[in-house]
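Note sheet for the following structure.
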Amino acid sequence: MNDRPMKDLLRAGPGVNFDAIETSGTPGFVGDKTEGEKALADGAAQLADLQEQLFAASRTGGSTKSVLLVLQAMDTAGKGGIVKH
């Protein structure tokens with residue numbers, strides 16, 4: 001793993017050129033697919049909690065924070081399934 005916080009590794013700043021970003025990149029992660037699946041499963045509970053907090057804050061007026069998620073992949077890579085799920 002990289003020493004920089006994940007929020008800094010994935011944040012798209014002003015003037016970002018998405019065409020210049022390596023499509024096979026895995027910012028902050030150096031493992032293979034199996035290790036990635038395990039890491040994702042290990043973080044699922046924390047992600048669910050954060051999603052619930054973001055949703056609740058938006059419903060109570062306690063926060064105006066939002067998330068922009070950019071999904072980039074080749075055709076038939078599963079982007080639609082990710083959005084539906």
Side-chain angles (χ1 to χ4, degrees):
M1 290 295 232
N2 192 303
D3 291 335
R4 292 175 54 204
M6 188 60 65
K7 66 179 186 172
D8 293 339
L9 292 169
L10 299 177
R11 181 167 286 148
V16 66
N17 179 0
F18 287 105
D19 291 333
I21 297 173
E22 179 61 42
T23 58
S24 63
T26 56
F29 189 78
V30 294
D32 62 17
K33 184 174 181 175
T34 302
E35 292 167 323
E37 290 172 346
K38 182 182 180 321
L40 184 61
D42 290 348
Q46 181 183 12
L47 179 60
D49 183 53
L50 292 170
Q51 288 175 319
E52 183 69 20
Q53 288 179 42
L54 184 64
F55 175 78
S58 73
R59 293 295 187 217
T60 62
S63 176
T64 58
K65 292 182 178 180
S66 60
V67 174
L68 170 64
L69 178 63
V70 178
L71 297 174
Q72 179 179 353
M74 301 296 285
D75 287 347
T76 70
K79 299 179 298 291
I82 289 171
V83 172
K84 289 177 189 173
H85 182 67

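What you see is a predicted model; the values in this text were computed from it and never measured.
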Any pair counted as side chain to side chain donor-acceptor pair (under 3.5 Å), so long as it reaches residues 24-37, sequence neighbours left out: Glu22-Ser24
Partners passing side chain to side chain contact (heavy atoms under 4.5 Å, CB included) against Ile82 (at least two apart in sequence or in another chain): Leu71
All side chain to side chain contact (heavy atoms under 4.5 Å, CB included) counterparts of Leu40, not counting sequence neighbours: none
Of all pairs that satisfy salt bridge (Lys or Arg N to Asp or Glu O under 4.0 Å), the ones with a partner from residues 71-85, not counting sequence neighbours: none
Nearest heavy-atom neighbours spanning Ala39 and Phe29: CB-CE1, 4.1 Å
Residues forming a side chain to side chain donor-acceptor pair (under 3.5 Å) with Gln53, sequence neighbours excluded: Asp49
Listed partners of Asp42 passing side chain to side chain donor-acceptor pair (under 3.5 Å), at least two apart: Lys38
